Novice: 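Have a look at this one.
From a predicted model like this one, the values you see are computed outputs, not experimental measurements. Note on naming: letters A, B, ... go to the chains in the order of the sequence lines (proteins, then strands), and numbering restarts at 1 for each one.
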Amino acid sequence: MSESKYQRIWQTALQIPAGKVASYGQIADLAGLPGRARLVGKALGYAPKELEVPWFRILRSDRRLAFAPGSETAEEQRQQLLIEGVILKNYRAKPQDVWQPDLGELLFKLNY
DNA sequence: ACTATGACTGATT
DNA sequence: TAATCAGCCATAG
């Protein structure tokens, strides 16, 4: 597997603040991998637990959960988000909860 | 080498 | 608002 790409995706996801959400495509873009939204999903699945990557803060572009409604994973995600104050309405987050990173700061932290 | 797969997207209906 | 569809493209096997 392409470890370096996954690393960048993980590092980028790590920048999402608690209480905010981002889309798969958004993370891909910020990680320097435009058009690779699906790769983000895969990378999150492979993320080492000790890295504590906030996978639950990543949603689809329409702000809905990527998992089937009612599934165990979806419920866990909803729970995690609720803890951070992100309320889901029909499995959908509010626009104001979407992360809008300061690009300058992000670039500095990720130093790509 | 191939190819099926998918935690996705945007456009269209 | 919601469902469908074609396009997407690196990865895994």
Novice: How many whole angstroms separate atom CG of A:Asn90 from atom P of C:dA3?
Specialist: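 It is 11 Å, rounded to the nearest whole Å.
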
Novice: Could you state the atom-to-atom distance from CZ of A:Arg63 to P of B:dT9 in whole Å?
Specialist: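 After rounding, the reported distance stands at 12 Å.
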
Novice: Within the pair A:Ser23 and B:dC8, is there a side-chain N or O less than 4.0 Å away from OP1 or OP2?
Specialist: no

Novice: Would you please confirm or rule out a distance under 4.0 Å between OP1 or OP2 of C:dA2 and any side-chain N or O of A:Arg64?
Specialist: yes

Novice: Could you check which of B:dG10, B:dC8, C:dT11 has an atom nearest any side-chain atom of A:Ser61?
Specialist: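 Looking only at heavy atoms from C-beta outward on A:Ser61, the closest nucleotide is B:dG10.
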
Novice: Would you compute the distance between atom CG of A:Leu14 and atom CD1 of A:Ile9 and round it to the nearest 0.5 angstrom?
Specialist: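 So the CG of A:Leu14 and the CD1 of A:Ile9 are separated by 12.5 Å.
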
Novice: To the nearest Å, give me how far apart CD1 (A:Ile16) and P (B:dA7) are.
Specialist: 18 Å

Novice: Heavy atoms only: give me the nearest A:Tyr6-A:Ala43 pair and the separation to one decimal.
Specialist: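 Looking at all heavy atoms of both residues, the shortest contact is CD2-CB, 3.4 Å.
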
Novice: Could you state the CZ-P distance from A:Phe67 to B:dG6, rounded to the nearest angstrom?
Specialist: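 Distance check: A:Phe67 CZ to B:dG6 P gives 13 Å.
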
Novice: Please check: side-chain N/O of A:Asp102 versus main-chain N/O of A:Gly104, any donor-acceptor pairing under 3.5 Å?
Specialist: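 Yes, the answer is positive, given that a donor and an acceptor are paired below the 3.5 Å cut-off.
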
Novice: For C:dA12, take OP1 and OP2 only and decide whether either is under 4.0 Å from a side-chain N or O of A:Tyr46.
Specialist: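 Yes, such a contact exists.
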
Novice: Quick check: does any side chain N or O of A:Gln26 sit under 3.5 Å from a backbone N or O of A:Gln100, one acting as donor and the other as acceptor?
Specialist: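 Answer holds: no.
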
Novice: Would you kindly give the CD1-to-P distance between A:Ile58 and B:dC8, to the nearest whole Å?
Specialist: 12 Å

Novice: Would you call the rings of A:Trp55 and A:Phe67 parallel, tilted or perpendicular, where under 30° means parallel and over 60° means perpendicular?
Specialist: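 A:Trp55 vs A:Phe67 ring planes: perpendicular.
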
Novice: Figure out the CD1/C1' separation between A:Ile9 and B:dC8, and round it to whole Å.
Specialist: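 Interatomic distance, CD1 of A:Ile9 to C1' of B:dC8: 12 Å.
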
Novice: Do A:Arg38 side-chain and C:dC9 base share a donor-acceptor contact under 3.5 Å?
Specialist: no

Novice: C:dC9 P sits how many Å from A:Asp29 CG, rounded?
Specialist: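 My rounded result for the distance is 12 Å.
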
Novice: Scan A:Leu39 against the nucleic acid and name what it touches under 4.0 Å (heavy atoms): base, sugar-phosphate only, or nothing.
Specialist: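 Result for A:Leu39 = sugar-phosphate.
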
Novice: Could you state the CD-P distance from A:Glu75 to B:dA7, rounded to the nearest angstrom?
Specialist: 19 Å

